[in-house]
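Heavy-atom basis, side chains included; hydrogens, waters and symmetry copies ignored. Positions are given from 1, in the same order as the sequence printed here. What you see is a predicted model, and the numbers here were worked out from it, not measured in a lab.
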Amino acid sequence: MVNFAVTRAVSGRFTNLLRHNELPKFYSSGATPTYEFIKVEKTGAKSNVALITLNRPKALNALCAKLMHEMNDAIKALDQDGSVGAVVITGNEKAFAAGADIKEMAGNSYSDNVKGHFLEHWNGVAAARKPTIAAVNGYALGGGCELAMMCDIIYAGDKAKFGQPEIAIGTIPGAGGTQRLTRAVGKSKAMEIVLTGNQFTAQEAERSGLVSKVVPADQLVQEAVKLAEKIASHSQVSVAMAKDSVNKAYETTLQQGLDYEKRLFWATFATSDQKEGMKAFVEKRPPNFKNE
C-alpha cells in the first residue's frame, strides 16, 4: 500500500522539478553543448522537443563508452530544461545502433566488469524523467535494441531490423535485453529472439508489441517529432506522473499498481495544471498549462 502522504510529497517533487521559472534552459539558442558522438538540437513548431542523433556513422552508431556517457549527460541536462517536453532519440537510415562496441569490450575480464560496474552507466535513458521516443531506422541490434527499449515509446522505419545477437558471439544481452524484451513480447518470443540471435523486422516488432508504429523510413523522424510535440503540449507535471505510473506496472502486482495509480491521480488535484485543464474543458477552450 502506498502512503498518501508520500504520494503528496511525490506530487510536490514533480511540480518543483518541472516549473519553467525554476529550471535552467541548458539547450537554449546558442548554448547547446558540443559532443563527439551525438548531436543534440531542439525541434518542433514550438522548439519544445529535443532531438538526440547518434553520430558514429562509420561504426553504424556502435555504442561505445564515450557515446553512452555523452547520452547520459544530455539526458540529465534535458531533464532539467523546462522548455523541453519530450525527447526523440534516433540514428540514421542505415542504423539506429548496430550494437555495443565489441572491440572496446572484447578484452574485458570478469573482475574488470565487476570492479568497473561495466554497463552500469547505460541506464541514463531508462532513468529519464522526460518521455523518450526511439525513432529506429536500419539496424537496432544488441545494445542498439536495448537502447531503444530503454525509451518509453518506439517508432520504427519500415526497413528497420531488430535483434539480440549476443548469443552468436558467446555471451548474452547485458543492458536489459533479456528483461525488457520479455516484458514487451512475452517469454516464448523473447526466448526465440535471445537464444537464436535472429533478426526480426519492424513489422514483426509491431505485431509483437515491441514497436508502437511503423512508418516509411523517410518519414520516421518527422512522425516521432510529431508524437513528441503532442506529448509536450500537455502538462509536464501530469506527463511525468503518468509515465511514472505506467512504469510502476512492470514492478508491482496489479493491486499495488492500482493503489499507486489512484494516489497519483488524487495527487494531480494538488497541481495548478489540473485546475486549469478541467476549467478549460468546461469552458470549451484550449488549456494554458504552466507546468506547476
Subject >> Any side-chain donor near an acceptor of the partner, Lys290 and Ser235, under 3.5 Å >> reply: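 Short answer, no.
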Exercise. Between Thr253 and Gln256, is any side-chain donor less than 3.5 angstrom from a side-chain acceptor?
Worked result: yes
Backbone N or O of [Y] within a donor-acceptor pair of the [X] side chain at under 3.5 Å?
X: Asp79; Y: Arg129; result: yes
X: Asn198; Y: Gly163; result: no
X: Asn61; Y: Ala95; result: yes
X: Thr182; Y: Thr178; result: yes
X: Glu204; Y: Thr201; result: yes
X: Glu146; Y: Ala175; result: yes
X: Lys76; Y: Met71; result: no
X: Asn72; Y: His69; result: no
X: Gln164; Y: Ile193; result: no
X: Asn291; Y: Gln236; result: yes

To the nearest 0.5 Å, tell me how far [X] [atom1] sits from [Y] [atom2].
X: Glu104; Y: Leu63; atom1: CD; atom2: CG; result: 10.0 Å
X: Asn92; Y: Tyr139; atom1: CG; atom2: OH; result: 12.0 Å
X: Ile133; Y: Ile52; atom1: CD1; atom2: CD1; result: 11.5 Å
X: Thr43; Y: Gln222; atom1: OG1; atom2: CD; result: 10.0 Å
X: Ser208; Y: Leu181; atom1: OG; atom2: CG; result: 7.5 Å

Whether [Y] and [X] form a salt bridge (side-chain N of Lys/Arg under 4.0 Å from carboxylate O of Asp/Glu) is what I want to check.
X: Lys213; Y: Glu223; value: yes
X: Lys42; Y: Asp81; value: yes
X: Glu251; Y: Arg183; value: no
X: Arg56; Y: Asp101; value: yes
X: Glu36; Y: Lys66; value: yes
X: Lys226; Y: Glu229; value: no

Considering all heavy atoms of both residues, which atom of [X] and which atom of [Y] are nearest to each other, and what is their separation?
X: Gly124; Y: Ile75; answer: O-CG2, 3.7 Å
X: Ala190; Y: Val185; answer: N-CG2, 3.7 Å
X: Pro165; Y: Gly142; answer: CD-N, 3.4 Å
X: Ala135; Y: Thr90; answer: O-OG1, 2.8 Å
X: Ala126; Y: Arg180; answer: CB-NH2, 3.3 Å
X: Asn137; Y: Gly157; answer: OD1-CA, 3.2 Å

Step through the shown structure and confirm whether more than 12 heavy atoms of other residues, nucleotides or ligands are within 6.0 Å of [atom1] on [X].
X: Lys159; atom1: NZ; result: no
X: Lys94; atom1: NZ; result: no
X: Phe269; atom1: CZ; result: yes
X: Met191; atom1: CE; result: no

For residues [X] and [Y]: do they belong to one hydrophobic cluster (side chain heavy atoms under 4.5 Å, members Ile, Leu, Val, Met, Phe, Trp, Tyr)?
X: Tyr155; Y: Val225; result: yes
X: Trp122; Y: Ile154; result: yes
X: Leu264; Y: Val239; result: no
X: Ile153; Y: Met149; result: no
X: Phe37; Y: Val88; result: no

Item to check | Evaluation steps, salt bridge (charged side-chain N to carboxylate O under 4.0 Å, His left out), between Lys187 and Glu192 | outcome: CA-CA 9 Å; Lys187 178 183 175 181; Glu192 178 187 356; over 6 Å; no
Is the closest side-chain heavy-atom distance between [X] and [Y] below 4.5 Å?
X: Phe96; Y: Leu141; value: no
X: Val40; Y: Tyr35; value: yes
X: Asn55; Y: Ile38; value: no
X: Phe118; Y: Met105; value: yes
X: Leu54; Y: Leu147; value: yes
X: Ser83; Y: Asn48; value: no
X: Ile89; Y: Val87; value: yes
X: Val214; Y: Gln203; value: yes

Report the C-alpha separation of Thr268 and Met241 in whole Å, then their side-chain angles, then the decisive distance to 0.1 Å, and conclude whether the side chain to side chain contact (heavy atoms under 4.5 Å, CB included) test is met. CA-CA 8 Å; Thr268 64; Met241 294 169 81; 3.9 Å; yes
Does Lys248 count as lying over the ring of Tyr260, i.e. NZ or CZ under 6.0 Å from the six-ring centre, within 45 degrees of the axis?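 Yes.
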Sequence neighbours excluded, the answer for side-chain hydrogen bond (donor to acceptor under 3.5 Å, both in side chains) partners of Ser188 is none
